[in-house]
Amino acid sequence: MKFKLQQHVITLALLLCFSLSFGQKVEFTVPQNIEALQNIIFSFKNEFTNDDPKAAAADDDNFSTTIDLYNLKYDKNSQNPYLDLALKKGAKPKQFIEEANWKITFDKISKKSTKVSIFLERVVPDRFSQKEVDTKLTKSTGKVEKEIKEFLLNGKESKAAEDSDEMIVNIVEGPGDPAADFEKRNAIEKVTSKKLQNLFNKKQFIPLPTTQEAITKLLQIQPNELECKDCKNGIYASWDIDEVFNLILTKLNDGQEYYALQYYGDKKVAGLPYGLVFNESSPSECKAKFAKYNAQLYQTTVDTGESSSTALTVVTFKINTSFIRLEFGNDFLTRLFVSNKEQ
């Protein structure tokens, strides 16, 4: 009986190992609504894709399809960058994979945020390689996952393509006109958000610690409770506000607590404390405004993919026990982050 039990345990462990090896999963969040990502993903291409129609399944909160790569050649001197082939004993150095499929799933987090999951689902060797390639132990190298992540986060195929497009625009239209840019900025409508005024009703940042119930009372909006393995009770709270803001409140198991307010719109929006205005307050203005708190202005980088990043201007300072970080995603204020621990 003991021997049989050991056999079962070993078998279960091996099966688990195989499933984790073949079904590697990459997960990340994209600040886009799920409908937009559904349209974007079908434009993804690289040198191994083709234009065949893709099957898809969708409802209001979920979407899934596959990214399919074809004709992946493999030999010991020139390994294909997308697959780490597991070869059986005595296998020839040259192999050929007719098709490999990565399943991609979108799960709605909020109106402006989507969770993306990607994993290698199927590997199809040609008839000569079928007996020599162990498809269950073959892994994804992570390259296609990185390409998809960058594509979805940037809404374009690559940074090189972006640079090329900008160069073409500059050649056709010439350098920007500062006076025209100033007039264009002045023409942007400025509004005041009542929800923001209610949220920051004491005209200061919400002090930490705070609670989900307290914020819900201020906003009069019920939050979504989303899964988070590193959070207390396994969840964090997310509020969608006026379809252009998203607020999250997170309490981590390590004692860190923070909230972050992101603006997605194109108007100038007042209602923040200290006279801050989304899409209007600039980094230099904010550094001067919070000079007495020893505000620091600098550029950092944020990941746009596992192999790429982009510059982001931030202003950081501390008020009482709260560490504040203002982020300027388009040269003007787009996000504020308040934490009980320095980042």
Side-chain angles (χ1 to χ4, degrees), residues 1-30 41-42 44-57 62-107 115-153 157-158 227 229 303 305-308:
M1 178 67 72
K2 185 177 180 181
F3 176 73
K4 286 185 178 179
L5 179 60
Q6 288 177 336
Q7 275 190 319
H8 285 310
V9 171
I10 292 170
T11 301
L12 181 60
L14 288 172
L15 287 172
L16 180 60
C17 178
F18 290 162
S19 65
L20 290 174
S21 160
F22 186 73
Q24 303 166 93
K25 183 182 286 188
V26 172
E27 296 182 333
F28 53 92
T29 301
V30 178
I41 191 60
F42 290 116
F44 175 81
K45 291 181 181 179
N46 66 25
E47 60 181 310
F48 296 101
T49 56
N50 65 24
D51 295 326
D52 290 345
K54 300 292 189 298
N62 308 97
F63 172 87
S64 64
T65 187
T66 59
I67 297 295
D68 307 322
L69 304 188
Y70 299 90
N71 303 326
L72 305 176
K73 296 178 182 179
Y74 178 98
D75 65 55
K76 63 179 181 180
N77 297 320
S78 178
Q79 297 185 7
N80 187 279
Y82 294 99
L83 291 176
D84 181 8
L85 286 189
L87 300 180
K88 297 178 181 178
K89 187 176 180 179
K92 298 181 180 64
K94 291 187 177 182
Q95 304 294 336
F96 187 82
I97 304 301
E98 292 183 347
E99 182 180 349
N101 314 116
W102 281 260
K103 186 169 184 179
I104 180 165
T105 302
F106 299 152
D107 293 300
K115 177 183 175 182
V116 180
S117 304
I118 309 170
F119 68 92
L120 178 62
E121 185 177 49
R122 190 172 69 121
V123 176
V124 185
D126 72 357
R127 62 189 184 92
F128 297 106
S129 297
Q130 282 178 352
K131 296 180 179 180
E132 300 188 342
V133 174
D134 190 331
T135 58
K136 290 183 179 179
L137 293 180
T138 292
K139 300 178 181 179
S140 172
T141 63
K143 181 174 174 60
V144 76
E145 292 89 338
K146 292 176 184 177
E147 291 178 355
I148 294 168
K149 183 176 181 179
E150 182 175 355
F151 180 78
L152 292 176
L153 287 170
E157 291 188 12
S158 67
E227 292 183 3
K229 65 179 182 180
D303 290 338
E306 292 186 23
S307 61
S308 62

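One-based numbering along the sequence shown. Predicted model only: the values in this text are computed from it and were never measured.
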Would you give the length of the straight line joining atom [atom1] of [X] to atom [atom2] of [Y], rounded to the nearest 0.5 angstrom?
| X | Y | atom1 | atom2 | value |
| --- | --- | --- | --- | --- |
| I67 | Y82 | CD1 | OH | 11.5 Å |
| K149 | T29 | NZ | OG1 | 9.0 Å |
| T135 | L83 | OG1 | CG | 11.0 Å |

Do any N or O atoms from the side chain of [X] and from the backbone of [Y] form a donor-acceptor pair under 3.5 angstrom?
| X | Y | value |
| --- | --- | --- |
| S117 | T105 | no |
| T141 | D84 | no |
| E99 | D68 | no |
| T49 | N46 | yes |

Inset, instruction - Determine the minimum heavy-atom distance between S140 and L120, stating which atoms define it. - result: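 Closest approach of S140 to L120, heavy atoms only: N-CD2, 3.7 Å.
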
Inset, instruction - State whether a side-chain donor-acceptor pair under 3.5 Å links E121 with T66. - result: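 Their side chains do not contain a donor-acceptor pair, so the 3.5 Å distance test is not met.
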
Legend entry - Given T138, D126, L69, L85, the one that forms side-chain contact (heavy atoms from CB on, under 4.5 Å) with I97: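 The side-chain contact (heavy atoms from CB on, under 4.5 Å) with I97 is passed solely by L85 among T138, D126, L69, L85.
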
Legend entry - K88, K92, K89 screened by salt bridge (Lys or Arg N to Asp or Glu O under 4.0 Å) with E132, the one that passes: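 Between E132 and the candidates, salt bridge (Lys or Arg N to Asp or Glu O under 4.0 Å) is satisfied uniquely by K92.
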
Inset, instruction - Please determine if K146 and E150 form a salt bridge, counting it only when a charged side-chain N lies under 4.0 Å from a carboxylate O. - result: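 No salt bridge links K146 with E150.
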
